[in-house]
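Sequence lines set the chain letters: A, B, ... in the order given, protein chains first and strands last, and positions in each chain run from 1. Everything numeric in this text was worked out from a predicted model, so none of it was measured.
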Amino acid sequence: MTASIPTLPSQYDSSTTEAKWQAHWEENGVFIADPDHEGEPYCVVIPPPNVTGSLHMGHAFENALIDLLVRYHRMRGRNTLWLPGTDHASIAVQTILERQLRAENKTRDEIGRDAFLERAWAWKEESGGTIVGQLRRLGVSVDWSRERFTMDEGLSQAVLTAFGQLYDEGLIYRGQYMVNWCPASQSAVSDLEVENKEVDGHLWHFRYPLTEGGGYMEVATTRPETMLGDTAVAVNPTDERYTHLIGKTVMLPIMNREIPIIADEYVDASFGTGCVKITPAHDPNDFEMGKRHNLPFINIMNKDGSLNENAGEFQGQDRFEARKNVVKRMEADGFLVKIEDYKHAVPYSDRGKVPVEPLISTQWFVKIRPMADRALDFLDNHHDPVFVPERWTKVYRDWLVNLKDWCISRQLWWGHQIPAWYVVSETNGEITDDTPFVVAANDAEAREKAEAKFGADIQLEQDPDVLDTWFSSGLWPFSTMGWPDSTKDLETYYPTTTLVTGFDIIFFWVARMTMMAGHFTGKMPFQSVYIHGLVRDENNKKMSKSANNGIDPLVLINKYGTDALRYTLVREVTGAGQDIRLEYDRNTDESTSVEASRNFTNKLWNASRFVMMNLDGQTPEQLGLPEAEKLELCDRWILSRFHQVSRQVGQQLDHFAMGEAAKELYEFTWGDFCDWYIELVKSRLNQEADPESRRVVQQTLAYVLDGILRLLHPFMPHITEEVWQTLNQVTDGRVLALQQYPIADEAWIDADLEHQFELLFGVIRTIRKLRAEAGVKPSVAIATILQSEQASERSILTKGQAYIQDLAKVKDLTISETAPQQKMFAGVCGTVQVLVPLEGVVDVDALRGKLEKDLGKIEGEIKSLSGRLKNPGFVNKAPEDVVQGARDALAEAEKQAQILQNRLAQL
RNA sequence: GGGCGGUUAGCUCAGUUGGUAGAGCGCCUGCCUUACAAGCAGGAUGUCACAAGUUCGAGUCUUGUACCGCCCACCA
């Protein structure tokens, strides 16, 4: 067979190459998991992106990290599954849809639930499609055959089962409590969806007149409008200023309601006047106090944040409008004492971006303590799951410890409708707080259950509300694998191996998954949780929609390629869990850091081209491994380096040190392989070169390049696949993605040899430096004398003399024990004196300056080292090898100084 | 009010168990040396935020301070 030489185009085209392999992997089902596959299972479920539009840089970062881990373990032979999917994101999507409706001058009530949901599903199809397309462009090695959506049939079934079971166990209850009400989305939200913002507000001081005997109680508030719903004034029971008033009453201004003065430990006598107005229906503390003291709960607010009929003349006004008007009226009536500027925290709705209103309403809750305690038990007694970096364990734990019941009902339409049916015929066709209900998986079952209790002649209505999104995402690691059915996937891949996610989502999602999984599966859903930081913009600002400072991953992918972007993001994560900053120029859409990675892909590309041009059409397999005894020094050196790097990269990836591994591979590929090895062997690749030596080089080049491609594949999957396919001239459908990851062969690692090469490289650099300083043209070969008193060094130099001649462009190389006494350019590398005789061109003054500068440096070093060695504390207490190291360094420095002094003396 | 990160070259960041500071980008000089100018060779650059302590020795450990950032928190 005539060998056709495989070639690569001179320019790497990321876009066609990436698309080609993405399609190839998918069409050939390369990443489809098989529970019967050999190997220990390795499983990751994707943190499902919200179907709220498109992916952002954070997704690119997260999925680059996951794909790196997944591809690495797959190549290590694990039975791998990465399960993809998306999340319905109830509030977020509903907010988008309602904004669209508003633009059309419509409301959701006008179009009705069915039409609204139709639009929602259409949106989901579009956005979900976009996201899935973007994930494909990131080149993620997911199993698309197992793609899930939190509202698909299977997952909905899981939600029903989970809800039903929790209800039956008494862990879900319905009741009237104070919740965080978001007037913008007109829904309850959980504590987590509330964000406290520090605002410059005011503290209004009011006077409430005592009903008897004249005089006033002075109270202060940050929300004056709530006074309309006051039903008491409270003082601390030990506050002597007021003890005589406890049990008396004040007349609430405006409303002219007589309300009691009560005593409660909660009140801090040292704050303000020590009197607190109590609005049980509109403040969480007052709510508790109201229950303790049996106070009336007067709700003054509508669901949209306007005041209701209990607010008298202020009815119909928006809460902030009413605030102004109440103050005005209080002032007019002479009850306003003063207004202070006051900085305080105001709870804002995460989604609605407006202040939440504490409101009493009937909602569904999960009784959280049993589930949280179970998760805590796993953590405390089994160290499960393991957080990386470890410090997040405490964050996770503290939150579980302080967790309160979880409000899971949302007054929205997009989401899992609560599987509770009210027997409305019992309460005049309406759903009230007292309407009896049944929890069931569907209409039929509900009817059956209800009829058993209330007879056949009943009317049922399903709860209109939906569940908090996180209720279904909490089931994600097992619902996606078929739970509640027992499936082969569950049996094989559950619990999953690692969860990779951001710290911002530990409470929302990670903790919910551990609680749900602990409860329903009796296991923690993953062994480890790798927490990454945020991707920040070029100004170190958090990227957000509102700040409009997002950097679109696709822009950078189009410009530099997916591999380059991914590599940039990964190599930045050295400090695990730290936020990373992405360089970006908004005018040109350029990123210097991604460009650096793109340059690296290009370097790899061209090095591969060079190697392939010199293999005479043979593949690594055809060439085989070189025979050990035929290897030359530099061949052994690169093989030693290769195995050393393979070992380190493997260890780093096993410990989530992805950034360090990326850097290690960068240095090895660019530095050791391209800058040194390829340059060292170029002369042996000539057609005139010794055929046997040439073949050994071909074998070594092919072997190491093949290994580099494997090592780099999880980091840069597309370019490595492309090159590997070409290098190996694949025709049988093999893919690099399924090849074995290099495992270090310790026998090849030769620290002594690597050390020898450091000396050779040092000498080469010194000669190059002298040439540059002397202004010798790169094309001109020069004579060079290397002098060392140490036989061992001379031996190394002799063995490497061809390398020195090649890479330093030296024509006459002399290696000697003594140095000739004449004017020459001189430099020192270790204890090797490097001499370049260039009598004609030597600029004596420049040379003297240079030598004096070098000498100055060395003398500083000698001073520091000898000072240390004269210190008895150091010599007596420091470990022997450290002391010896200092002695060696001093000897070398003294030797260098002596050489330089000699040279100076000769000028 | 509690807790957690960070502060190292002009910029972005590394720095393993304490042994005397590094990489990329940028900058300066010289090179189109037939893999690569998205490249090659060479060069310059640091009171490691500040202070005290432990130690023979601190970027690294301890304590405190300052500044930046994040998380949690029911004082009206």
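Straight-line distance from the CG atom of Asp579(A) to the C1' atom of C4(B): 12 Å, rounded to whole Å. For Phe503(A) and G5(B), the CZ to P distance is 13 Å, given to the nearest whole Å. Glu667(A) has its CD atom 19 Å from the P atom of C13(B), to the nearest Å. Rounded to an integer number of Å, the gap from CZ of Arg397(A) to C1' of C71(B) is 18 Å. Rounding to whole angstrom units, CZ of residue Arg391(A) and C1' of G6(B) are separated by 10 Å. Straight-line distance from the CG atom of Asp675(A) to the C1' atom of C40(B): 8 Å, rounded to whole Å. Atom CD in Glu340(A) sits about 12 Å away from atom P in A76(B), given to the nearest Å. In this structure, the CD atom of Gln652(A) is 10 Å from the C1' atom of U16(B), given to the nearest Å.
Heavy atoms of Ser779(A) sit nowhere under 4.0 angstrom from any nucleic acid atom. Residue Pro872(A) is out of contact with every strand shown, counting any heavy-atom pair closer than 4.0 Å. Note on Tyr266(A): a base of the nucleic acid sits closer than 4.0 angstrom, heavy atoms only. Within 4.0 Å (heavy atoms only), Ile678(A) reaches at least one base atom of the nucleic acid. Residue contacts for Asn871(A): at a heavy-atom cut-off of 4.0 Å it reaches the sugar-phosphate backbone alone, with no base atom in range. At the heavy-atom level, Trp670(A) lies under 4.0 Å from the strands shown only through sugar-phosphate atoms. Counting any heavy atom pair closer than 4.0 Å across all strands shown, Val611(A) reaches no nucleic acid atom. Here Arg765(A) lies in heavy-atom contact (under 4.0 Å) with sugar-phosphate atoms only. Lys603(A) comes within contact range of at least one nucleobase, with a heavy-atom separation under 4.0 Å. Within 4.0 Å (heavy atoms only), Arg598(A) reaches at least one base atom of the nucleic acid.
Here the nucleotide nearest the side chain of Phe610(A), chosen from A35(B), C74(B), C70(B), is A35(B). For Asn599(A), whose side chain is taken as the heavy atoms from C-beta onward, the closest listed nucleotide among A35(B), G69(B), A38(B) is A38(B). When distances run from any side-chain atom of Val882(A) to the nucleotides G15(B), G19(B), A35(B), the shortest one goes to G19(B). Distance from the side chain of Lys682(A) is smallest for A35(B) among the nucleotides A35(B), G19(B), C25(B). For Arg868(A), counting side-chain heavy atoms from C-beta on, the closest listed nucleotide (G19(B), U12(B), G39(B)) is G19(B). Picking from C36(B), U12(B), C72(B) the nucleotide with the shortest atom distance to the side chain of Glu679(A) gives C36(B). Checking C74(B), C36(B), G24(B) against the side-chain heavy atoms of Arg609(A) singles out C36(B) as nearest. Nearest nucleotide to the Phe271(A) side chain, out of C13(B), A73(B), A76(B): A76(B). Looking at the side chain of Arg581(A), the nearest of the listed nucleotides C13(B), A73(B), G24(B) is C13(B). Closest to the side chain of Tyr342(A), from the set G3(B), A76(B), G19(B), is A76(B).
Residue-environment remark: NZ (Lys197(A)) exceeds the threshold of 12 foreign heavy atoms within 6.0 Å.
The nucleotide C50(B) finds its pairing partner in G64(B), both defining distances of the Watson-Crick or G-U wobble pair being shorter than 3.5 Å. Nucleotide A9(B) forms a pair with no other nucleotide shown, judged by Watson-Crick or G-U wobble geometry with both contacts under 3.5 Å. In this entry G69(B) has C4(B) as its Watson-Crick or G-U wobble partner, both defining distances falling under 3.5 Å. Nucleotide G42(B) is matched to C28(B) when pairs are restricted to Watson-Crick or G-U wobble geometry with both distances under 3.5 angstrom. Pairing of A76(B), defined by two Watson-Crick or G-U wobble distances under 3.5 Å, is not identified with any nucleotide.
Atom name P, nucleotides C13(B) and G6(B): the rounded distance is 13 Å, in whole Å. Separating the P atom of G46(B) from that of U55(B) is a span of 32 Å, rounded to the nearest Å. A distance of about 27 Å separates the C1' atoms of G24(B) and G19(B), rounded to the whole Å.
Between the side chain of Thr279(A) and the main chain of His282(A), no donor-acceptor pair closer than 3.5 Å is present.
Residue order along RNA chain B, read from the 5' end via each residue's closest nucleotide, puts Glu583(A) first among Pro778(A) and Glu583(A).
Note: Trp670(A) and Tyr666(A) meet the aromatic proximity criterion, with ring centroids under 6.0 Å apart.
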Task: Worked verdict on Asp616(A) versus Arg694(A) for salt bridge (charged side-chain N to carboxylate O under 4.0 Å, His left out) - done: CA-CA 11 Å; Asp616(A) 303 332; Arg694(A) 184 164 181 269; 2.9 Å; yes
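In this structure, the salt bridge (Lys or Arg N to Asp or Glu O under 4.0 Å) partners of Glu357(A), at least two apart in sequence or on a different chain, are Arg223(A), Arg319(A).
Between Lys559(A) and Asp589(A) no salt bridge is recorded (no basic side-chain N to carboxylate O distance below 4.0 Å). With salt bridges taken as basic N to acidic carboxylate O contacts below 4.0 Å, one links Arg586(A) and Glu538(A).
Side chains of Leu760(A) and Ile804(A) form a contact here, defined as non-hydrogen atoms less than 4.5 Å apart.
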